[in-house]
Amino acid sequence: MSRRSRSTTGLAALFGMMGVLHFVKPEPFEQIVPRQLPRKKELVYASGVAELACAVGLLHPRTRRAAGLLSTALLVAVFPANVQMALDLNRKGSPRAKAIGFARLPLQLPLIRAALKAAREG
């Protein structure tokens with residue numbers, strides 16, 4: 001049985017929390033779905049399901065490899081929403097909000113690295 005690293009456990013916790021938030025408070029997530037995509041609420045719910053599935057999958061050795069690869073794909077897939085948020089904040093956000101919006105973009109890289117590491121642990 002493969003041992004789970006702290007980064008994998010942390011990534012699972014992050015996906016779990018964010019996945020739940022997609023259902024409890026979907027409005028902020030709907031706002032950052034790129035404008036050209038239709039059915040924003042459905043996309044938010046679908047990404048919430050995907051995040052919850054990744055969270056659960058990362059916790060078990062049998063599913064960790066697949067969950068790590070799916071987590072990587074999910075992080076890449078939602079990156080345009082993070083870009084949309086940064087651009088929206090740049091237009092109408094406070095200086096602090098603008099800084100946070102753009103600072104979040106490079107933070108995707110360590111998350112992707114953690115997901116790839118989790119795939120190797122599986």
Side-chain angles (χ1 to χ4, degrees):
M1 180 136 60
S2 172
R3 186 166 162 83
R4 185 175 64 233
S5 68
R6 287 184 3 182
S7 64
T8 297
T9 302
L11 186 62
L14 178 66
F15 274 134
M17 289 185 304
M18 296 306 291
V20 168
L21 279 175
H22 278 67
F23 293 96
V24 173
K25 194 159 175 61
E27 297 82 13
F29 298 102
E30 289 175 49
Q31 292 173 7
I32 64 172
V33 174
R35 288 177 188 85
Q36 56 272 38
L37 295 178
R39 305 179 73 121
K40 294 178 184 339
K41 184 169 284 222
E42 290 85 349
L43 288 172
V44 167
Y45 288 154
S47 64
V49 168
E51 288 183 352
L52 291 171
C54 288
V56 171
L58 288 168
L59 295 175
H60 196 281
R62 281 189 170 168
T63 55
R64 191 169 302 135
R65 177 170 168 66
L69 295 173
L70 290 171
S71 296
T72 301
L74 180 60
L75 289 164
V76 170
V78 301
F79 188 74
N82 292 323
V83 170
Q84 185 67 56
M85 181 181 68
L87 294 173
D88 290 345
L89 289 171
N90 192 49
R91 278 193 295 280
K92 58 186 176 194
S94 68
R96 182 171 186 247
K98 290 176 187 181
I100 291 170
F102 281 101
R104 282 184 49 159
L105 297 177
L107 292 177
Q108 292 292 107
L109 292 175
L111 293 174
I112 290 169
R113 221 176 5 253
L116 291 171
K117 179 181 177 186
R120 289 190 302 274
E121 292 173 10

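Residue indices begin at 1 and follow the sequence shown. Because the structure is predicted, anything quoted here is derived from the model rather than measured. Side-chain atoms are counted along with the backbone in the values below, which use heavy atoms only and exclude waters and symmetry mates.
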message: If you compare all heavy atoms of Gly16 against all heavy atoms of Ala55, which two are closest, and at what distance to 0.1 Å?
response: N-CB, 3.5 Å
field: Hphob cluster co-occupancy, Phe15 + Phe29, side-chain heavy atoms under 4.5 angstrom
entry: yes
message: Looking at every non-hydrogen atom in both residues, tell me the closest pair between Pro26 and Val44 and how far apart they are.
response: CB-CG1, 3.9 Å
- prompt: Is Leu74 reachable from Val56 through a run of hydrophobic residues whose side-chain heavy atoms are each under 4.5 Å from the next?
  reply: no
query: What distance separates Leu11 CG from Arg113 CZ, expressed to the nearest 0.5 Å?
result: 12.5 Å
query: Sub-3.5 Å donor-acceptor pair from the side chain of Glu121 to the main-chain atoms of Ser5, do we have one?
result: yes
field: Shared hydrophobic cluster, Leu14 / Leu116 (ILVMFWY, side-chain heavy atoms < 4.5 Å)
entry: yes
statement: Taken to the nearest 0.5 Å, the spacing of Met17 CE from His22 NE2 works out to 12.5 Å
message: If you count heavy atoms of other groups shown closer than 6.0 angstrom to CZ of Arg6, is the number above 12?
response: no
field: Shortest non-hydrogen separation from Pro34 to Lys40 and the atoms involved
entry: O-NZ, 3.2 Å
Run the side-chain donor-acceptor check on residues 93-109: report pairs under 3.5 Å with partners two or more places apart or on a different chain.
unit_1 : atom_1 : unit_2 : atom_2 : d
Ser94  : OG     : Ala97  : N      : 3.0
Lys98  : NZ     : Asn90  : O      : 3.4
Arg104 : NH2    : Asn82  : OD1    : 2.8
Gln108 : OE1    : Asn82  : ND2    : 3.4
Gln108 : NE2    : Leu75  : O      : 3.4

- prompt: Is the backbone of Leu58 close enough, under 3.5 Å, to the side chain of Arg64 for a donor and an acceptor to pair up by distance?
  reply: yes
- line: When rounded to the nearest 0.5 Å, the distance separating CG of Leu59 from SG of Cys54 is 11.0 Å
query: Same cluster or not: are Val49 and Leu70 linked, directly or through other Ile, Leu, Val, Met, Phe, Trp or Tyr residues, by side-chain heavy atoms under 4.5 angstrom apart?
result: no
message: For the backbone of Glu27 and the side chain of Lys41, can you confirm whether one donor and one acceptor N or O come within less than 3.5 Å of each other?
response: no
- prompt: Under a single-linkage definition using a 4.5 Å side-chain heavy-atom cutoff for Ile, Leu, Val, Met, Phe, Trp and Tyr, are Val76 and Leu43 assigned to the same hydrophobic cluster?
  reply: yes
- prompt: For the atom pair CD (Gln84) and CZ (Arg35), what is the distance rounded to the nearest 0.5 Å?
  reply: 4.0 Å
